[in-house]
Number of protein chains: 4
Amino acid sequence: MTTNNQIGSLIDRIEGLMLDKALIEEGIKEIYIEAKLNGFDTKTMKKVVAIRKQGVKKHQEERQMIDLYIKDLGMLADTPLGQSAIQRDTGVKF
Amino acid sequence: MTTNNQIGSLIDRIEGLMLDKALIEEGIKEIYIEAKLNGFDTKTMKKVVAIRKQGVKKHQEERQMIDLYIKDLGMLADTPLGQSAIQRDTGVKF
Amino acid sequence: MTTNNQIGSLIDRIEGLMLDKALIEEGIKEIYIEAKLNGFDTKTMKKVVAIRKQGVKKHQEERQMIDLYIKDLGMLADTPLGQSAIQRDTGVKF
Amino acid sequence: MTTNNQIGSLIDRIEGLMLDKALIEEGIKEIYIEAKLNGFDTKTMKKVVAIRKQGVKKHQEERQMIDLYIKDLGMLADTPLGQSAIQRDTGVKF
DNA sequence: GGTTTATCAGTTCCTC
DNA sequence: GAGGAACTGATAAACC
């Protein structure tokens with residue numbers, strides 16, 4: 001393919017960068033493989049990375065919001081520990 | 001389009017169901033609009049719905065895993081208060 | 001869970017609709033299974049459904065745009081048929 | 001954060017690569033901006049890039065499959081002119 | 001191998 | 001209306 005035309009040049013540059021990107025993604029993948037071999041849970045690791053990217057503080061705020069809504073829903077009744085907690089508070093058995 | 005052919009019949013059926021699906025999605029969207037008008041945070045609501053779908057218990061286990069990893073990273077220094085408030089309310093350690 | 005609170009009521013309604021939606025998605029999936037059993041290619045079917053949703057005419061316009069860009073790139077050289085076409089036009093052998 | 005622990009080291013490495021990746025993505029985005037300023041349609045460009053990644057030949061086979069199904073649906077009535085222009089240029093039937 | 005899961009790209013929506 | 005964020009749908013992969 002020639003690069004005489006502008007569109008060709010643009011797409012060439014894009015594809016070059018996409019190749020670089022693919023190599024980096026490969027590297028990341030390999031680290032996760034290494035982590036798994038060392039007994040770490042990669043799913044959790046990925047969540048941790050995402051949380052750090054977002055900002056730990058912001059994440060904590062989100063959690064509090066979620067917990068607030070869950071509390072309003074009385075959803076703790078869905079969980080064994082939650083049941084006992086409610087029971088302790090209210091004296092009502094579910 | 002005719003429905004004499006088999007492929008036409010199949011696609012007709014699919015498109016019918018997809019229409020039904022779109023109507024339901026519309027309904028869901030309207031509820032979120034109503035919720036927002038009533039001062040609720042729809043992003044948090046969506047997370048709560050997802051958590052309930054996954055199972056609250058499972059979600060709490062995930063949180064514990066994440067917090068464990070974060071603790072190992074020394075990241076707790078970033079979150080002085082952490083989840084103590086929720087813990088106090090529910091007796092559940094997140 | 002009670003529905004005394006507003007948030008609970010909203011989420012109840014959302015979850016009801018999500019259940020309906022899931023049932024419909026199940027139905028769609030079954031049709032694709034049936035189609036596959038009858039020898040149809042479900043991947044192609046999904047694309048056809050998407051094209052019809054978008055509008056066949058609009059899709060044709062998109063194709064023309066794509067082909068125009070591809071033509072400017074001289075990408076036909078990448079394909080056997082394309083080579084002969086270029087060869088016919090230019091008299092140059094690749 | 002310390003890197004004394006293994007998990008910390010792994011996550012450090014991941015985050016380093018993710019930073020590199022983000023920079024590259026930034027670069028790609030800038031090229032698309034430049035392309036748009038020069039009058040190109042970036043949506044079409046992205047599709048072209050995807051097609052080249054997949055392989056032009058494979059893409060043309062997909063198109064043929066789709067057109068076959070569409071023909072069986074009688075949908076060609078919707079597209080009087082069809083792909084005749086492209087066909088004339090390339091000798092490739094889509 | 002086949003099903004479920006996870007990552008990815010594409011679309012859409014909302015905000016500014 | 002442009003930009004970014006969120007959600008959906010599709011492909012690829014991993015586990016059973």
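A note on names: the letters A, B, ... follow the listed sequences, proteins ahead of strands, and every chain is numbered from 1.
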> Looking only at non-hydrogen atoms, find the nearest pair between D/T42 and D/Y32 and report the distance.
CG2-O, 3.4 Å

> Of all the heavy-atom pairs spanning C/L10 and B/A35, show the shortest one and how long it is.
CD1-CB, 3.8 Å

> Whole angstroms only, please: what is the CD1-P distance between C/I14 and F/dC7?
12 Å

> Just checking B/K36: base, sugar-phosphate only, or nothing, at a heavy-atom cut-off of under 4.0 Å?
sugar-phosphate

> Looking across every strand, which nucleic acid part, if any, lies under 4.0 Å from B/K47 by heavy atom: base, sugar-phosphate, or nothing?
nothing

> So, does D/K46 get its side chain near the phosphate of E/dA9, meaning an N or O under 4.0 Å from OP1 or OP2?
no

> Using a heavy-atom cut-off of 4.0 Å across all strands, would you classify D/K29 as base, sugar-phosphate, or nothing?
nothing

> Just checking B/K43: base, sugar-phosphate only, or nothing, at a heavy-atom cut-off of under 4.0 Å?
sugar-phosphate

> Would you say C/K21 places a side-chain N or O within less than 4.0 Å of OP1 or OP2 belonging to F/dT8?
yes

> Rounded to the nearest angstrom, tell me the gap between atom CG in C/D41 and atom P in F/dT11.
10 Å

> Starting at atom CE of D/M18, determine the distance to atom P of E/dC8, rounded to an integer number of angstrom.
10 Å

> In whole Å, what is the span from the NZ atom of B/K53 to the C1' atom of F/dC7?
12 Å

